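What follows is one structure encoded as structure tokens, with my remarks underneath.
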2 protein chains.
Amino acid sequence: MGYYIGQVAQKTGLSTHTLRYYEKEGLLPYVKKNGSGLRIFSDTDLNWLSIIECLKETGMPLKGIKQYIDWDKEGNKTLNKRLEMFENHKKHVEEQIEKYQKYMQKIDYKINVYREAVKCGDLQKALKKIK
Amino acid sequence: MGYYIGQVAQKTGLSTHTLRYYEKEGLLPYVKKNGSGLRIFSDTDLNWLSIIECLKETGMPLKGIKQYIDWDKEGNKTLNKRLEMFENHKKHVEEQIEKYQKYMQKIDYKINVYREAVKCGDLQKALKKIK
DNA sequence: ATAATCCTTAAAGTTAAATCTAAATCTATC
DNA sequence: GATAGATTTAGATTTAACTTTAAGGATTAT
């Protein structure tokens, strides 16, 4: 009915160092300790880690994630703020995707150029051919 | 027939500091200097900056970009390597997009939850309703 | 009982990508 | 030709997110 930090490290791919670091930074306020002082992670804590992963991997800095967790700790009076933060973050992620798709066109063009260049052995010739 | 560093900074949105830093790191090897030692950026240099932007904004570290530029300097014998690098990078960008789309589902779920929670004023109630 | 895992604190080191500082020099305008 | 604003260099500093080190001890699993 709980996991030691090493097991959580394995499950998440994070190091035990990083997990303690996250806790120190206030990102894991709900992790309990047993009588001997060892951290016992619950399934709820793993869910938190999954949200942290989601936000971090989509570009939110740890400070922003901490803000969200602080709001969670404050309870229902911060529901609006949390909704707003997810809506803003969604927008941010959408913009990231659009940006990536935009640059993808340039990358595809470059691939075309270099495929042609490899074929004829000369970049300048390839550029003329494609233009 | 060329731009001073400040003009390039304005055009690109990069700072003059950053432009000099890029040059120092070997990312702008083609930029010339005038008789007094001031940098004069050509349109070709601006094109390079545009490629650098594309690669950087899609997650390539400056080191990787430098590698590409070094290959360019070596001429046609590295065409294969450059093609391969763009193909790999395309794959990387595709994976990024997929990752973002995957996490977007989680974000959308959270938005649903918090919208409902804001409506009824209680996160726990909202969670039960949605599940 | 002993090896593996965990604890704390505190500080130093790392990496990437800038960003800033200072003193000196160049360019453009009046 | 004076002067304000831009540019030069080398080197120091910053920020984020870890990662490592160390010391010294406690707990857990086999």
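Note on naming: letters A, B, ... go to the chains in the order of the sequence lines (proteins, then strands), and numbering restarts at 1 for each one. Just so it is clear, the structure is predicted and the values come from calculations on it, not from any experiment.
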Please list, for nucleotides 27-30 of chain D, all pairs of protein and nucleotide N/O atoms separated by less than 3.5 Å.
| residue | atom | partner | partner atom | Å |
| --- | --- | --- | --- | --- |
| dT27(D) | O3' | Ser36(A) | OG | 3.3 |
| dT28(D) | OP1 | Asn34(A) | ND2 | 3.2 |
| dT28(D) | OP1 | Ser36(A) | OG | 3.3 |

Under 4.0 Å, heavy atoms only, any strand: does Arg20(B) hit a base, just the sugar-phosphate, or nothing?
base

Looking only at side chains, do Ser50(A) and Asn47(A) share a donor and an acceptor under 3.5 Å apart?
no

Starting from C1' on dT19(C), measure out to OH on Tyr22(B) and report it in whole angstrom.
12 Å

Lys73(B), NZ atom: more than 12 neighbouring heavy atoms under 6.0 Å
yes

Rounded distance (Å) that lies between atom C1' of dA17(D) and atom NZ of Lys24(A):
11 Å

His17(A) NE2 to dT8(C) C1', straight-line distance once rounded to whole Å
13 Å

Separation of dC20(C) P from Leu14(B) CG (nearest whole Å):
14 Å

For DNA chain D, what residues of residues 44-71 of chain B have any heavy atom nearer than 4.0 Å?
none

Can you tell me the distance, in whole Å, between the CD1 atom of Ile5(B) and the P atom of dT19(C)?
14 Å

Give me the ring orientation class for Tyr68(B) and Trp48(B): parallel if the planes are under 30° apart, tilted from 30 to 60°, perpendicular past 60°.
tilted

Interatomic distance where CD belongs to Glu25(B) and P belongs to dT15(C) [whole Å]
14 Å

From CG of Leu19(A) across to P of dC6(C) the rounded distance in Å is 10 Å

The side chain of Arg39(B) is closest to which nucleotide in this list: dT8(D), dA17(C), dC18(D)?
dT8(D)

Table please: side-chain donor-acceptor pairs of residues 53-63 of chain B below 3.5 Å, with sequence neighbours left out.
| residue | atom | partner | partner atom | Å |
| --- | --- | --- | --- | --- |
| Glu53(B) | OE2 | Tyr103(A) | OH | 2.4 |
| Glu57(B) | OE1 | Lys99(A) | NZ | 2.9 |
| Thr58(B) | OG1 | Cys54(B) | O | 2.6 |
| Thr58(B) | OG1 | Leu55(B) | O | 3.0 |
| Thr58(B) | OG1 | His89(B) | NE2 | 2.7 |

Across the strands shown, which category fits Lys33(B) at heavy-atom distances under 4.0 angstrom: base, sugar-phosphate, nothing?
sugar-phosphate

Mind calculating the distance between CD (Gln7(B)) and C1' (dT27(C)) to the nearest angstrom?
12 Å

Gln10(A), CD: over 12 other non-hydrogen atoms inside 6.0 angstrom:
no

